[in-house]
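Keep in mind the model is a prediction, meaning the values are calculated, not measured. Below, read A as the first sequence line, B as the second, and so on, with proteins coming before strands; counting in each chain starts at 1.
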Amino acid sequence: MVSPPEIIGHGTWYDKAAKELIERELRLGRSLDLIRTESGLGASGFPHIGSLGDCIRNYAIALAVEEQGYKAEYIAFSDDKDGLRKVPAGLPKELEKWLGYPVSDIPDPFGRCHESFGDHMSSLLLEALDVIGVEYRFMSGARVYRQGLLNREIIEIMENAERAGRIIYEEIGQTKFLNSLPYFPVCENCGRIYTTNAYKYLPDERKVLYRCEGMEVKGRWLEGCGYEGEVDVTAGEGKLSWKVEFAARWKALDIRFEAYGKDIADSVKVNDRICREILGHEPPMHVQYEMFLDKGGRKISKSAGNVFTPQVWFRYGSPQSLNLLLLKRFIGTRSVGVEDIPVYMDELDRLEDIYFNRVNIEDPKERAKLRGLYEYCWLLKPPKEPSVHIPYRLLVNLARVAPEGREEEYIREKLSEYGYLKRGARGLEERIRYALNWVRDFEEPVRKPVELSAEEAEAVRRLIGELRRGRGADDYQSAVFKVARSLGLSPRRFFRTLYLILLGEPQGPRFGPYVEAIGVENAIGELERALEGD
RNA sequence: GGGCCCGUAGCUCAGCAAGGUAGAGCGACGGCCUCUUAAGCCGUGGGUCGAGGGUUCGAAUCCCUCCGGGCCCGCCA
């Protein structure tokens, strides 16, 4: 009855899903020569952490399929034929004139670094994929339409547009496609894609007739130019509505798996039926996951319009720590913010300890799962040796007090003193960089001028004298007590004042060694400034 | 209107896939260098796992109902 648990692949959710996927394909009698997974890349705004989640989760399934002994491939499909619906936060208002245009037709707002707006945005995501090590086959929607890769499916859908419209209505109650074709032509006159209404299909010529009559997009009316035209649906001068486009993609590109966020759940539901009933093709296996939400509060980056991008994460944390966030759980809404990065950095260290058997986990299933999760964080290419492990907060604390100009040296010395470097220092440099970035960006000392009483000012003056005469940490330490005693001041209070001056905090590391570390001249300089500011 | 997720220690949350002794961080409390400075370390306390029912030898975990909170979609993508 109680049989030992069978561990599939690396023991993770991905391995289990991959097994189900393969079994499903076997049941359907399809070829197993190549199992493709896919995700759509939004190209109309800055890629968010969640955008990367779409990619890496579908890629992880491809990896898991390969672990089962089959060939697999992940396709990153850029939705760059979609129109611009809203000017992303952080970009100039002038872009409003491009609302409704396909993002692949809009010039790159950042200059000439990319061919188009859409190209710029999707390349930001591709960059992140490269940093993380995701292998993908990139496809641009605009190019796919131009190359005619979806033509057979487009025609089939146009010929059955009435049925498609009914399916959409039945599934989600949307009436629009009962009267319009699920195809958006790019207006030959004004160049916009969301203002056109395709109302008639001419099967012999494979053309749709349309009027540029305008549409409401994100609560805002985009007035059409009134142009009436016709367009060949195989010419790549328009696109299918999302309500039917996925189905076309799935069949034409032979996609077997697509995990998606719940925001597009309705579209997937409709497309599943379109795929089966109109294209006669069994849709891919799906898994639905929750969204990643921005945590309010902390300012991240002005230039990025406060979007929590992968690039922001990489400033403070490793690619693998981001993978951990994205892979560890599928269900449950995740509110994420930069403040979570230390947690994931530390958790990854724990997983690494488990992977390298420095920490024993009794339950074999549990152990397999955690080791597997670690391996997937490295996209199944884990390092041969563990890295150095230092609690992120400790690094931040050290980075905060590290004397300017020799931060790294100081941090290394301290860590060595604390015994953290006994097993080597693999990856220490990056960790120090992350912590320094953290402190620079979030803990820029808000050193308010310290108000000194006459007595305290006198104490500071005397201390400066003592520091000048002193030689080394012990002298500096003693000086504080000497001065405090000479004025009948409580050393506790005096230390507090000194830390407020030097660090902006009421506490700090042992005074003498700290003064030595930052350089006694620097310390004296700070103290003199405090006197002047009085 | 339709759908999804969450509810676990004072606080923030992990654990739930594939049931097997209730976990972490922060806070609180106690201790650990000494010329009163420990951003560190060690330890302690703290939970009817939202409520009720079901399945099971066994449920935080699976199923059902209810209560409370949140999110997504609604003629765009």
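Dashed line: the shortest gap from a side-chain N or O of A/Arg510 to OP1 or OP2 of B/rC33 is not under 4.0 Å.
Rounding to whole angstrom units, CD of residue A/Glu347 and P of B/rC13 are separated by 15 Å. Counting to the nearest Å, the P atom of B/rA24 and the CG atom of A/Leu348 are 20 Å from each other. Rounded to an integer number of Å, the gap from CG of A/Leu498 to C1' of B/rU36 is 14 Å. Following rounding to the nearest Å, A/Tyr289 (OH) and B/rC5 (C1') show an atom-to-atom distance of 15 Å. For the pair A/Gln477 CD and B/rA38 C1', the computed distance is 12 Å after rounding to whole Å. Going from atom CD of A/Glu290 over to atom C1' of B/rC72 covers 8 Å, rounded to whole Å. The separation between A/Leu325 atom CG and B/rC13 atom P is 14 Å, rounded to whole Å. Here the P atom of nucleotide B/rA17 and the OH atom of A/Tyr376 are 18 Å apart, to the nearest Å.
Using bins of under 30°, 30° to 60° and over 60° for the plane-to-plane angle, the ring pair A/Tyr14/A/Tyr376 lands in the tilted bin. Relative orientation of the A/Phe495 and A/Phe511 rings is perpendicular, given thresholds of 30° and 60° on the angle between their planes.
Residue A/Lys262 places no side-chain atom within donor-acceptor reach of the base of B/rC72, judged by atom type and a 3.5 Å distance cut-off alone.
By the neighbour-count criterion of 12 heavy atoms within 6.0 Å, atom CD of A/Glu162 is sparsely surrounded, having that number or fewer from other residues, nucleotides or ligands.
In this structure, A/Tyr101 contributes its side chain and A/Cys190 its backbone to a donor-acceptor pair below 3.5 Å. No donor-acceptor pair under 3.5 Å is formed between the side chain of A/Arg57 and the backbone N or O of A/Tyr289.
Here the nucleotide nearest the side chain of A/Gln288, chosen from B/rC4, B/rU36, B/rA14, is B/rC4. The side chain of A/Asn397 lies closest to B/rA39 when the candidates are B/rA39, B/rA17, B/rG25.
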Which donor-acceptor pairs under 3.5 Å do side chains of residues 39-48 of chain A form with protein atoms, sequence neighbours excluded?
| from | atom 1 | to | atom 2 | distance (Å) |
| --- | --- | --- | --- | --- |
| A/Ser39 | OG | A/Tyr74 | OH | 2.7 |
| A/His48 | ND1 | A/Gly50 | N | 2.8 |

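The C1' atoms of B/rG46 and B/rC29 are separated by 11 Å, rounded to the nearest whole Å. Across the P atoms, B/rC4 and B/rA9 are found 27 Å apart, a figure rounded to whole Å. Across the C1' atoms, B/rC73 and B/rC16 are found 27 Å apart, a figure rounded to whole Å. Taking atom C1' in both B/rG40 and B/rG3, the straight-line distance is 50 Å, to the nearest Å. Straight-line distance between the C1' atoms of B/rA59 and B/rG1: roughly 35 Å, to the nearest whole Å. Between B/rC67 and B/rG20, the two C1' atoms lie 30 Å apart (nearest whole Å). The gap from the C1' atom of B/rG47 to that of B/rC63 amounts to 25 Å, rounded to the nearest Å. Separation of the P atoms belonging to B/rG23 and B/rA39 is 30 Å when rounded to the nearest angstrom.
Of all heavy-atom pairs between A/Gly83 and A/Tyr194, the closest is N-OH, 2.8 Å.
Between A/Arg462 and A/Glu466, none of the side-chain N atoms (NZ, or NE/NH1/NH2) sits under 4.0 Å from a carboxylate O, so this pair counts as no salt bridge. Note on A/Lys239 versus A/Asp79: no salt bridge recorded, every NZ/NE/NH1/NH2 to OD/OE distance being 4.0 Å or above.
In this structure, the separation between OH on A/Tyr344 and CG on A/Leu324 is 6.5 Å, given to the nearest 0.5 Å.
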query = When you look at A/Asp54 and A/Ser51, which way does the side chain to side chain donor-acceptor pair (under 3.5 Å) test go after all the steps?
reply = CA-CA 5 Å; A/Asp54 297 335; A/Ser51 322; 5.5 Å; no
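Residue contacts shown for A/Gly42 are absent, as no nucleic acid heavy atom lies under 4.0 Å away. Using a 4.0 Å heavy-atom cutoff across all strands shown, A/Lys482 reaches no nucleic acid atom at all.
Both key distances under 3.5 Å define a Watson-Crick or G-U pair, and stretches of 3 or more such consecutive pairs in RNA chain B run B:1-7 with B:67-73, B:10-13 with B:23-26, B:28-32 with B:40-44, B:50-54 with B:62-66.
Checking A/Lys269 against A/Phe511, the closest nucleotide of RNA chain B that is more toward the 5' end is the one next to A/Lys269. Comparing A/Glu171 and A/Glu366 along RNA chain B, the residue whose closest nucleotide (by nearest heavy atom) sits nearer the 5' end is A/Glu171.
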Between the protein and nucleotides 74-77 of chain B, which nitrogen or oxygen pairs come in under 3.5 angstrom?
| from | atom 1 | to | atom 2 | distance (Å) |
| --- | --- | --- | --- | --- |
| B/rC75 | O2 | A/Thr175 | N | 3.1 |
| B/rC75 | O2 | A/Thr175 | OG1 | 3.4 |
| B/rC75 | O2 | A/Lys176 | N | 2.6 |
| B/rC75 | N3 | A/Thr175 | N | 2.8 |
| B/rC75 | N3 | A/Thr175 | OG1 | 2.8 |
| B/rC76 | OP2 | A/Lys176 | NZ | 2.7 |
| B/rC76 | O2 | A/Arg85 | NH1 | 2.4 |
| B/rA77 | OP2 | A/Ser241 | OG | 3.4 |
| B/rA77 | O3' | A/Asp82 | OD1 | 2.7 |
| B/rA77 | O3' | A/Asp82 | OD2 | 2.2 |
| B/rA77 | O3' | A/Trp242 | NE1 | 2.6 |
| B/rA77 | O2' | A/Asp82 | OD2 | 2.7 |

